[in-house]
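Remember, predicted model here, so these are calculated numbers, not experimental data.
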Amino acid sequence: MSQYIELKQEAFEANMQLPKLQLVLFTFGNVSAADRERGIFAIKPSGVPYDELSPDKMVIVDFDGKTIEGDHRPSSDTQTHAVLYKHWPRIGGIVHTHSTFATAWAQSQRCIPIFGTTHADHLTADVPCAPPMSDEMIQGNYEYQTGFQIIDHFKELGLSYEEVEMVLVGNHAPFTWGKTADKAVYNSAVLESIAHMAYLTEQINANSPRLKDALIKKHFERKHGPDSYYGQ
């Protein structure tokens with residue numbers, strides 16, 4: 001019997017939320033769940049449809065991207081997950097999807113402006129969009145470099161991964177994370193909703209103004225408690 005049953009179950013249940021929340025089509029997405037003490041994570045196998053998934057099909061991988069246990073090949077995005085886990089020690093779950101509206105913003109290479117209070121309930125900054133990676137990075141280990149594309153963009157913007165738990169990768173798609181796999185899935189659903197509303201906002205008024213700073217601060221502190229606001 002596998003010694004990773006609970007971790008595989010956690011990853012399985014989180015992955016099964018993606019089709020329920022209409023965040024994936026066919027096999028276009030994955031969730032991983034980490035065990036920090038053991039330095040490993042469970043992730044969806046590559047190319048397996050969601051209706052064929054089960055806990056025992058989850059693949060166990062270490063933070064260097066090496067498969068530890070599993071009969072299937074891990075997700076093609078495994079190296080990206082591994083890089084983020086290795087360099088951002090306070091996350092316990094990661095989600096990658098190609099959800100329609102968030103991916104559309106990523107393909108447009110645009111950050112998602114903070115237009116309203118729904119956005120401000122979850123973060124006080126625009127959703128960042130990392131620029132497309134260089135040709136040199138693309139020609140190397142693409143999935144591995146995607147992790148550093150995200151990390152480097154956060155460094156450039158001075159953002160904390162603990163405060164901004166989502167990103168768009170230019171010309172690609174979104175990634176979200178959280179302290180648990182469930183929280184990462186929650187953030188993925190929130191991101192898709194924010195992306196959809198921002199798209200509609202710009203269709204109604206192409207010159208829609210950014211939400212007032214006072215409202216951003218008010219809504220974030222109301223949801224997360226006093227002194228939680230971290231500014232722009």
Side-chain angles (χ1 to χ4, degrees), residues 2 4-35 40-63 65-85 91-108 129-130 132-133 138 141-147 149-150 165-178 180-193 195-196:
S2 172
Y4 308 114
I5 292 176
E6 291 183 3
L7 187 62
K8 287 184 174 184
Q9 182 69 33
E10 180 184 357
F12 167 72
E13 291 179 0
N15 271 282
M16 295 308 293
Q17 287 298 311
L18 298 187
K20 290 180 182 178
L21 293 167
Q22 299 184 327
L23 295 174
V24 297
L25 179 68
F26 301 121
T27 62
F28 302 169
N30 49 75
V31 185
S32 65
D35 182 328
I40 57 172
F41 60 96
I43 192 167
K44 179 185 176 291
S46 179
V48 178
Y50 283 88
D51 59 4
E52 295 179 15
L53 283 183
S54 61
D56 63 290
K57 290 181 180 176
M58 299 295 111
V59 184
I60 302 297
V61 183
D62 67 17
F63 291 169
K66 178 183 177 183
T67 297
I68 302 300
E69 179 180 292
D71 297 327
H72 295 78
R73 183 166 58 88
S75 165
S76 59
D77 298 296
T78 294
Q79 287 288 345
T80 305
H81 290 240
V83 168
L84 295 180
Y85 282 129
I91 58 176
I94 297 171
V95 175
H96 174 53
T97 75
H98 285 251
S99 58
T100 302
F101 288 93
T103 300
W105 283 90
Q107 291 179 170
S108 72
C129 181
M133 67 177 67
I138 293 170
N141 187 330
Y142 176 73
E143 287 77 18
Y144 178 76
Q145 294 295 349
T146 298
Q149 181 187 13
I150 294 168
E165 296 179 318
M166 55 188 69
V167 69
L168 308 175
V169 176
N171 293 137
H172 187 183
F175 283 83
T176 64
W177 50 86
T180 66
D182 281 346
K183 182 62 189 306
V185 171
Y186 172 85
N187 287 335
S188 188
V190 167
L191 173 56
E192 180 64 4
S193 180
H196 191 174

What is the distance from atom [atom1] of [X] to atom [atom2] of [Y], rounded to the nearest 0.5 Å?
X: Ile91; Y: Ser32; atom1: CD1; atom2: OG; answer: 7.5 Å
X: Asp77; Y: His96; atom1: CG; atom2: NE2; answer: 4.0 Å
X: Asn171; Y: Cys129; atom1: CG; atom2: SG; answer: 8.0 Å
X: Lys8; Y: Ile60; atom1: NZ; atom2: CD1; answer: 5.5 Å
X: Leu84; Y: Gln79; atom1: CG; atom2: CD; answer: 11.0 Å
X: Thr80; Y: Gln149; atom1: OG1; atom2: CD; answer: 9.0 Å

Does any non-hydrogen side-chain atom of [Y] lie less than 4.5 Å from one of [X]?
X: Glu10; Y: Met58; result: no
X: Thr100; Y: Glu192; result: yes
X: Val48; Y: His72; result: yes
X: Thr67; Y: Pro74; result: yes

[atom1] of [X]: more than 12 outside heavy atoms within 6.0 angstrom?
X: Tyr142; atom1: OH; answer: yes
X: Glu6; atom1: CD; answer: no
X: Asp71; atom1: CG; answer: no

Nearest heavy-atom neighbours spanning [X] and [Y]:
X: Pro19; Y: Tyr50; result: CD-CD2, 3.8 Å
X: Ser75; Y: Ile43; result: CB-CD1, 3.9 Å
X: Gly93; Y: Tyr85; result: CA-OH, 3.3 Å
X: Thr103; Y: Ala173; result: OG1-CB, 3.8 Å
X: Leu18; Y: Gly29; result: CD1-C, 4.4 Å
X: Ala195; Y: Trp105; result: O-NE1, 3.0 Å

For [X] and [Y], test the side chains for any donor-to-acceptor distance below 3.5 angstrom and give the result as yes or no.
X: Glu13; Y: Gln17; answer: no
X: Asn187; Y: Thr176; answer: no
X: Asp182; Y: Thr180; answer: no

Qualifying residues under side-chain hydrogen bond (donor to acceptor under 3.5 Å, both in side chains), relative to Lys183, sequence neighbours excluded:
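Partners of Lys183 under the side-chain hydrogen bond (donor to acceptor under 3.5 Å, both in side chains) test: Glu165.
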Could you pull out all residues at least two apart from Thr97 that satisfy side-chain hydrogen bond (donor to acceptor under 3.5 Å, both in side chains)?
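Only Ser99 meet the side-chain hydrogen bond (donor to acceptor under 3.5 Å, both in side chains) criterion with Thr97.
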Given His81 and Asn30, is the side-chain contact (heavy atoms from CB on, under 4.5 Å) satisfied, shown in steps?
CA-CA 10 Å; His81 290 240; Asn30 49 75; 2.8 Å; yes
Listed by chain and number, what are the side chain to side chain contact (heavy atoms under 4.5 Å, CB included) partners of Ser193, not counting sequence neighbours?
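Here the qualifying residues are Met197.
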Would Trp177 and Val167 satisfy side-chain contact (heavy atoms from CB on, under 4.5 Å), going step by step from the backbone distance to the final call?
CA-CA 9 Å; Trp177 50 86; Val167 69; 3.7 Å; yes
Among Ile94, Thr78, Asp62, Asp35, which residue meets the side-chain contact (heavy atoms from CB on, under 4.5 Å) test with Phe41?
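The option that passes is Thr78.
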Which class fits the ring pair His98 and His172: parallel under 30°, tilted 30 to 60°, perpendicular over 60°?
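Geometry flag for His172 against His98: tilted rings.
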